[in-house]
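Everything below concerns the one structure shown next.
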Protein chains: 2
Amino acid sequence: MAVQKYSRQREAIKEFLIGRTDHPTADMVYLGLLSKFPNLSLGTVYRNLTLLSDKGEILRLRLGDGVDHFDGNVMPHLHFICQGCGRVMDLEIDGLEGLTSLADSHFSGKITGHVTYFYGKCPDCTKGEMS
Amino acid sequence: MAVQKYSRQREAIKEFLIGRTDHPTADMVYLGLLSKFPNLSLGTVYRNLTLLSDKGEILRLRLGDGVDHFDGNVMPHLHFICQGCGRVMDLEIDGLEGLTSLADSHFSGKITGHVTYFYGKCPDCTKGEMS
DNA sequence: AATTAAAACAATAATGATTACTGTTATTAT
DNA sequence: ATAATAACAGTAATCATTATTGTTTTAATT
């Protein structure tokens, strides 16, 4: 197996994700780092996001909007997608800890995990509404 | 608003989905109906899958594998994705009914729903294993 | 039953996200 | 320092999906 060498681009991508909680897409990471790396390539961003998520240093979120989002916070937590503005927020809720084992006990195969995300309207988008 | 007219292709697409529980992709629907409609177009399949799911007559499942799956069973139920063979199965579990309102009560916006799917190994893929 | 307007079709082009390839540069071991 | 190779930038290719164009069905009206 190839030895992984250091790269400032990869380091910057990881730092970029850790420094924010808005779950950017590959394109947003690319745009956000262009000022620091003027000839950064989108391919480099994609490759390193894949490397980092494969190593478990970041999370790849597939939220069903057709675009992958990335999260520098690898602690287990829940996500909310606003149907108004599309933003992705973290949720502070517990109560899903036993869900995997509950499901597993009702299934003849082996259930090892689950993906859950919530949707609705975020606080901002709820404000400008009457209904 | 345009009046929806009858089409045998759309009817066949819906029947195809109702007749199975393996949650096919657009491409699988297309291939499955080619024998009955030799000059069926993939565009027609996509358009009608979108029409049917917009009307709520079928479900579009975005399971994170980059391909949309479709389900003729619109009753609320849970899904399981096998990481061994990729197949998508229905799960008979309840206990998630109150999840949306639980989450909503902890959130300052408005949560109206959630998406949950489970993953692991299906019964078949569990068999041929030692670990 | 013929006419007609619009929906649906087939075929295919276009799009957008992601992945793969090619030649160059940077990192690390010798 | 030199050499080996991982990582890079740039770009081409891929894949699922959506949009477009011209033709055919459907269904309402004469």
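Lettering of chains follows the sequences in order, A, B, ..., and the numbering in each one begins at 1.
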Side-chain N,O (A:R47) to OP1/OP2 (D:dC8) below 4.0 Å =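 True: A:R47 side-chain N/O within range (under 4.0 Å) of D:dC8 OP1/OP2.
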Can you find a side chain N or O atom of A:Q4 that sits less than 4.0 Å from OP1 or OP2 on D:dA7?
-> yes
Look at the side chain of B:R10 and the backbone N and O of B:K5, then say whether any donor-acceptor pair between them is shorter than 3.5 Å.
->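 It does hold such a pair.
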Check: B:L61 main-chain N/O paired with B:H69 side-chain donor or acceptor under 3.5 Å = no
A:F37 or B:L42, whichever maps to the more 5' nucleotide of DNA chain D = A:F37
Specify the separation, in whole Å, of atom [atom1] of [X] and atom [atom2] of [N].
X     : N     : atom1 : atom2 : value
B:L33 : C:dC9 : CG    : C1'   : 15 Å
A:K36 : D:dC8 : NZ    : P     : 15 Å
A:Y46 : D:dC8 : OH    : P     : 16 Å
B:L40 : C:dA8 : CG    : C1'   : 12 Å

Would you name the heavy atoms of A:V74 and A:E57 that are closest together and state the gap between them?
->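 Looks like CG1-O, 3.5 Å.
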Strand-adjacent residues in residues 51-71 of chain B, judged by heavy atoms under 4.0 Å from DNA chain C =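 Residues of residues 51-71 of chain B that come under 4.0 Å of DNA chain C do not exist, since none gets that close.
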Going by heavy atoms closer than 4.0 Å, what residues in residues 5-31 of chain B are next to DNA chain C?
-> B:K5, B:S7, B:Q9, B:R10
Picking from D:dT18, D:dG10, C:dC9, which would you name as closest to the side chain of B:N48?
-> C:dC9
Tell me, do B:I81 and B:D65 make a side-chain contact under 4.5 Å, heavy atoms counted?
->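 Sidechains of B:D65 and B:I81: no contact.
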Please tell me if the side chains of B:H106 and A:L91 come closer than 4.5 Å, counting only heavy atoms from C-beta onward.
->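 In short, these two side chains do not touch, never coming nearer than 4.5 Å.
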Side-chain donor/acceptor contact of B:T44 with base of C:dA8 under 3.5 Å |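 In this structure, the two groups form no donor-acceptor pair.
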Got a sec: does the CD of B:E92 have more than 12 other heavy atoms crowding it under 6.0 Å?
-> no
More than 12 heavy atoms of other residues, nucleotides or ligands under 6.0 Å from CD of A:Q4: is that the case?
->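 For A:Q4, atom CD is crowded (more than 12 foreign heavy atoms under 6.0 Å).
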Parallel, tilted or perpendicular: rings of A:H77 and A:H23 (30°, 60°) |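 The arrangement is tilted - the two ring planes meet at 30° to 60°.
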What's the spacing between A:I58 CD1 and A:L17 CG if we round to 0.5 Å?
->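 Going from CD1 on A:I58 over to CG on A:L17, the span is 5.0 Å.
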